[in-house]
*Asks:* 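Once you've had a glance at the structure underneath, I'll fire off some questions.
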Amino acid sequence: QVQLAESGGGLVQPGGSLRLSCAASGFSFSIYSMSWYRQAPGKERELVAYISQGGGSTNYADSVKGRFTISRDNAKNTVSLQMDGLKPEDTAVYYCKSGRGQWGQGTQVTVSS
């Protein structure tokens, strides 16, 4: 059974940091790209970051470039999103998505003082 399980969300003050993780199981993780998306209330889901199968290629939304870093560990079947310099506009539910098209259940990130 294919599963993607996100963790690491929470409440953080502006300027703070969080690290999200997504644990994958049930498929050959290392042969698929992975992505992080987010959806804020009343807005469409948007791509935040992408990483290729081997981790050698990454892409970011303009709104998070220089603040967020995506990485993966193919030995542990995990993909992570390090978020620094968080802003209130980063508040959203964050989802990981596999290159196969599966979604995780999401983890809430709230940036507020």
Side-chain angles (χ1 to χ4, degrees):
Q1 182 180 359
V2 175
Q3 285 190 323
L4 296 173
E6 300 96 337
S7 61
L11 173 64
V12 63
Q13 292 186 344
S17 298
L18 281 176
R19 186 175 180 85
L20 306 183
S21 293
C22 173
S25 60
F27 66 101
S28 297
F29 178 79
S30 64
I31 68 171
Y32 291 97
S33 63
M34 295 294 296
S35 301
W36 284 96
Y37 284 74
R38 69 185 180 187
Q39 188 166 20
K43 295 188 177 181
E44 293 187 354
R45 194 171 295 189
E46 63 173 351
L47 177 65
V48 175
Y50 160 94
I51 189 166
S52 61
Q53 295 91 318
S57 178
T58 57
N59 281 304
Y60 299 90
D62 287 343
S63 58
V64 307
K65 280 181 182 177
R67 300 188 297 121
F68 290 11
T69 304
I70 189 171
S71 61
R72 66 187 296 162
D73 185 337
N74 284 345
K76 296 182 178 179
N77 289 1
T78 58
V79 59
S80 299
L81 186 68
Q82 177 66 39
M83 305 186 295
D84 299 316
L86 283 161
K87 303 175 181 180
E89 50 264 43
D90 295 318
T91 295
V93 179
Y94 284 71
Y95 302 87
C96 66
K97 181 184 179 184
S98 77
R100 288 173 50 111
Q102 283 93 10
W103 294 89
Q105 82 286 352
T107 186
Q108 176 70 46
V109 171
T110 302
V111 185
S112 176
S113 55

*Asks:* Considering only heavy atoms from C-beta outward, does the side chain of Ser35 approach that of Leu47 to under 4.5 Å?
*Replies:*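 Yes, their side chains come closer than 4.5 Å.
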*Asks:* Kindly say whether Glu6 contributes a backbone atom to a donor-acceptor pair with the side chain of Gln105 at under 3.5 angstrom?
*Replies:*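 Confirmed, Gln105 side chain pairs with Glu6 backbone.
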*Asks:* Flag the pair Asn77 / Ser25 as yes when at least one side-chain heavy-atom distance between them is below 4.5 Å, and no otherwise.
*Replies:*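 When only atoms from C-beta onward are counted, Ser25 and Asn77 do not touch, as no gap falls below 4.5 Å.
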*Asks:* Taking only residues two or more places apart in sequence, or in another chain, which ones meet Lys43 in a salt bridge (charged side-chain N to carboxylate O under 4.0 Å, His left out)?
*Replies:*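 For Lys43, no residue satisfies salt bridge (charged side-chain N to carboxylate O under 4.0 Å, His left out) once neighbours in sequence are set aside.
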*Asks:* Taking only residues two or more places apart in sequence, or in another chain, which ones meet Asp73 in a side chain to side chain donor-acceptor pair (under 3.5 Å)?
*Replies:*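 Per chain and number, Asp73 pairs via side chain to side chain donor-acceptor pair (under 3.5 Å) with no residue.
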*Asks:* By side chain to side chain donor-acceptor pair (under 3.5 Å), which residues pair with Asp90, not counting sequence neighbours?
*Replies:*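 Listed in chain order: Arg38, Arg67.
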*Asks:* With sequence neighbours excluded, tell me which residues meet salt bridge (charged side-chain N to carboxylate O under 4.0 Å, His left out) with Arg45.
*Replies:*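 So Arg45 forms no salt bridge (charged side-chain N to carboxylate O under 4.0 Å, His left out) with any residue.
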*Asks:* Mind listing the closest non-hydrogen atom pair of Gly56 and Ser52 along with its distance?
*Replies:*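 Looks like N-OG, 3.3 Å.
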*Asks:* May I ask you to check whether over 12 heavy atoms, not counting those of Glu44, lie within 6.0 Å of atom CD?
*Replies:*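 It does not: Glu44 CD has 12 such atoms or fewer within range.
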*Asks:* Using only atom types and a distance under 3.5 Å, with no angle test, would you say the side chain of Arg72 pairs donor to acceptor with the backbone of Gln53?
*Replies:*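 At least one qualifying donor-acceptor pair exists.
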*Asks:* Over all heavy atoms of both residues, which pair between Pro14 and Ser112 is shortest? Give the atoms and the distance, please.
*Replies:*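 So the two residues come closest at CD-C, 3.6 Å.
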*Asks:* Quick one: side chain to side chain donor-acceptor pair (under 3.5 Å) partners of Ser28, sequence neighbours excluded?
*Replies:*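 Result, side chain to side chain donor-acceptor pair (under 3.5 Å) vs Ser28: none returned.
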*Asks:* Assess the residue pair Arg19 and Ser80 against the criterion (side chain to side chain contact (heavy atoms under 4.5 Å, CB included)); give the C-alpha distance rounded to whole Å, side-chain angles, the decisive distance to 0.1 Å, and a yes or no.
*Replies:* CA-CA 7 Å; Arg19 186 175 180 85; Ser80 299; 3.5 Å; yes
*Asks:* Would you compute the distance between atom CD of Gln108 and atom OG1 of Thr91 and round it to the nearest 0.5 angstrom?
*Replies:*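 Here the interatomic distance stands at 7.0 Å.
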*Asks:* Can you list the other members of the hydrophobic cluster that holds Val79, where links are side-chain heavy atoms under 4.5 angstrom apart?
*Replies:*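 Besides Val79, the hydrophobic cluster comprises Val2, Leu4, Val12, Leu18, Leu20, Phe27, Phe29, Ile31, Tyr32, Met34, Trp36, Val48, Ile51, Tyr60, Val64, Phe68, Ile70, Leu81, Met83, Leu86, Tyr94, Val109, Val111, listed by chain and residue number.
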*Asks:* Any donor-acceptor pair under 3.5 Å linking the side chain of Gln102 with the backbone of Gln3?
*Replies:*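 Here the side-chain-to-backbone pair does not exist.
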